[in-house]
Amino acid sequence: MKIEKTNFGETNGRQIDKYRLTNKRGTRISLITLGATWQEFSALEADKRQQLIVGFDNLADYVNTTYYLCKAVGCVAGRIAKAEFKLDGKNYKIENNEGGNALHGGSHGFSFINWDAHTEESAEQTSVVFTHQIKSSDDQYPGNLQVTITYTLDENDDVHVRFTGESDQATLFNPTIHTYFNVTDTQHDLKTQWLKINSSKRLELASDKLPTGRFITVQDTNYDFQKPQNVQQVLNKLQEDTNTTELDDAFLVNTADEEPVAEIGDTAGKRQVKIYSKRNAVVVFTTNPLDPVREQQHDFNALAIECQTLPDAIHHQNFGDITIPADQTVTQEIIYQYKH
């Protein structure tokens, strides 16, 4: 396994480092310390490098983007209603950074941290390990949270992302990677990319994207991805049937078996990525982070897939547990398996 470390730039007086891991097959991941961001996931196909995720090649765009582009998100992914919650009998008020609600951990969340980092190696895999302590005074969540995010590339082209949290008080922990995929030849659009989700239900969302608590069956609807569906064709049907111009939805996924919670691939059958998670939700979102003009025209080239516990779980008893008891360690993992 080859490891490279370079200077990716500087922001707020701090150097941002870039780590690149390459296995024997030529499959490569690159990571930057700002936001513990997954900057590249690519493979060699007949001596040609094929990108699988969407990323920027410069630091300024990662600093300025509003899309959390392939950044680590936490300590809580998604929205928390009214930016408040009750835990162990105490009421907590956190930053309301989106229309009165809290989104993705707020402005001091994982995505905005310049993480400490080091590498670890073994015979079959190599990891980049990001660490940081988030103080309660930083983000208003209870407790001082010690977080480790580990990206591991192995010789089978699997990427493991592990999130480990430990806090000195009971707190919330529902992290993810806001990964934007495009596995098509040119990454220009989504016309030749398909999506499959191991889900028969999705969350009903209010106009502010908060869940109402109700689940909707996807069978025989435009949101049925139980079999692979062409993403652009689904977008076309949504616009025609309901004037909906994007996907921005949370699906309840089946984690009781060993099947992937989601899969993406190109319609020519050249490549696919299988995604595994033990948590109960996959959030999907279509956008065009690289081209604001095309984004405004709903001409998308990227599909975000976020594995997490259902959003706003702290307010819905049946959505899953996103708490960490004091002085206990919780680990969550997402696995991305590239095949061609």
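The main-chain N or O of Asp158 is never found under 3.5 Å from a side-chain atom of Asn156 such that the two would form a donor-acceptor pair. Of the possible donor and acceptor atoms, none in the side chain of Arg25 sits under 3.5 Å from a partner among the backbone N and O of Leu44. In this structure a side-chain-to-backbone donor-acceptor pair under 3.5 Å is present from Ser136 to Tyr141.
How far OG1 of Thr287 is from CG of Leu247: 11.5 Å, rounded to the nearest 0.5 Å.
Separation of the Trp38 and Tyr180 ring centroids does not fall under the 6.0 Å cut-off. Taking the six-membered ring for Trp and the full ring otherwise, Tyr151 and His160 have centroids separated by 6.0 Å or more. For an aromatic pair to be called close, the ring centres must be under 6.0 Å apart, and Tyr67 with Tyr62 fails this.
Side chain to side chain, Ser42 and Glu40 meet the donor-acceptor criterion of an N or O pair below 3.5 Å. Side-chain N/O atoms of Asp61 and Asn58 include a donor and acceptor closer than 3.5 Å. There is no side-chain donor-acceptor pair under 3.5 Å between Thr131 and Thr148. Between the side chains of Gln232 and Asn236, at least one donor N or O lies within less than 3.5 Å of an accepting N or O. For the 3.5 Å distance criterion, the side chains of Thr33 and Asp17 fail to qualify, holding no donor opposite an acceptor. For the residue pair Glu166/Thr329, the side-chain donor-acceptor check at 3.5 Å is satisfied. The closest side-chain donor-acceptor pair between Asn174 and Arg279 falls under 3.5 angstrom. Asn97 and Glu95 share no side-chain donor-acceptor pair at under 3.5 Å. Looking at Asn23 and Asp154, their side chains never bring a donor and an acceptor atom within 3.5 Å of each other.
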* Asked: Can you list the steps and then say if Gln272 with Glu263 is a side-chain hydrogen bond (donor to acceptor under 3.5 Å, both in side chains)?
  -> CA-CA 7 Å; Gln272 69 182 102; Glu263 300 175 59; 3.2 Å; yes

* **Evaluation steps, salt bridge (Lys or Arg N to Asp or Glu O under 4.0 Å), between Glu84 and Lys90** => CA-CA 11 Å; Glu84 61 186 17; Lys90 296 181 181 180; over 6 Å; no

* Please test Glu204 against Thr212 for side-chain hydrogen bond (donor to acceptor under 3.5 Å, both in side chains), starting from the C-alpha separation and ending with a verdict. => CA-CA 6 Å; Glu204 180 181 68; Thr212 66; 2.7 Å; yes

* In sequence, state the C-alpha distance, the side-chain angles, and the governing distance for Asp189 and Arg294, and then conclude on salt bridge (Lys or Arg N to Asp or Glu O under 4.0 Å). => CA-CA 10 Å; Asp189 52 45; Arg294 287 177 57 196; 5.3 Å; no

* May I have the step-by-step check of salt bridge (Lys or Arg N to Asp or Glu O under 4.0 Å) for Arg271 and Glu45, ending in yes or no? => CA-CA 9 Å; Arg271 65 195 67 90; Glu45 298 178 356; 2.8 Å; yes

* Stepwise, does the side-chain hydrogen bond (donor to acceptor under 3.5 Å, both in side chains) test hold for Gln226 with Lys196? -> CA-CA 6 Å; Gln226 295 176 94; Lys196 181 181 179 183; over 6 Å; no

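Side-chain contact check for Cys75 versus Phe110: some heavy-atom pair is nearer than 4.5 Å. Looking at heavy atoms from C-beta onward, Ile113 lies out of side-chain contact with Phe130 at the 4.5 angstrom threshold. Using a 4.5 Å heavy-atom threshold, the side chains of Phe181 and Ile275 count as touching. Between Asn318 and His316 there is a side-chain heavy-atom pair separated by less than 4.5 Å. In this structure, Phe300 and Glu246 have side chains that are in contact, with non-hydrogen atoms separated by less than 4.5 Å. Side-chain contact between Asn301 and His188 is absent, with no heavy atoms from C-beta onward closer than 4.5 Å. In this structure, Arg79 and Glu98 have side chains that are in contact, with non-hydrogen atoms separated by less than 4.5 Å. Annotation: side chain of Tyr19 is not in contact with side chain of Ser30 (no heavy-atom distance under 4.5 Å).
Side-chain heavy atoms closer than 4.5 Å link hydrophobic residues (I, L, V, M, F, W, Y) into clusters, and following such links, even through other members, never connects Leu310 to Leu210.
Cation-pi geometry between Arg202 and Phe251 is not satisfied (NZ or CZ under 6.0 Å from the ring centre, within 45° of the ring normal).
Checking Glu240, Gln229, Lys237 one by one against Asn222, the side chain to side chain contact (heavy atoms under 4.5 Å, CB included) holds for a single residue, Lys237. With Ile305 as reference, Val282 is the one residue of Thr179, Ile197, Ile53, Val282 to meet the side chain to side chain contact (heavy atoms under 4.5 Å, CB included) rule.
For the pair Leu87 and Ala170, the tightest heavy-atom approach, listed with the atom from each and the gap, is CD2-O, 3.4 Å.
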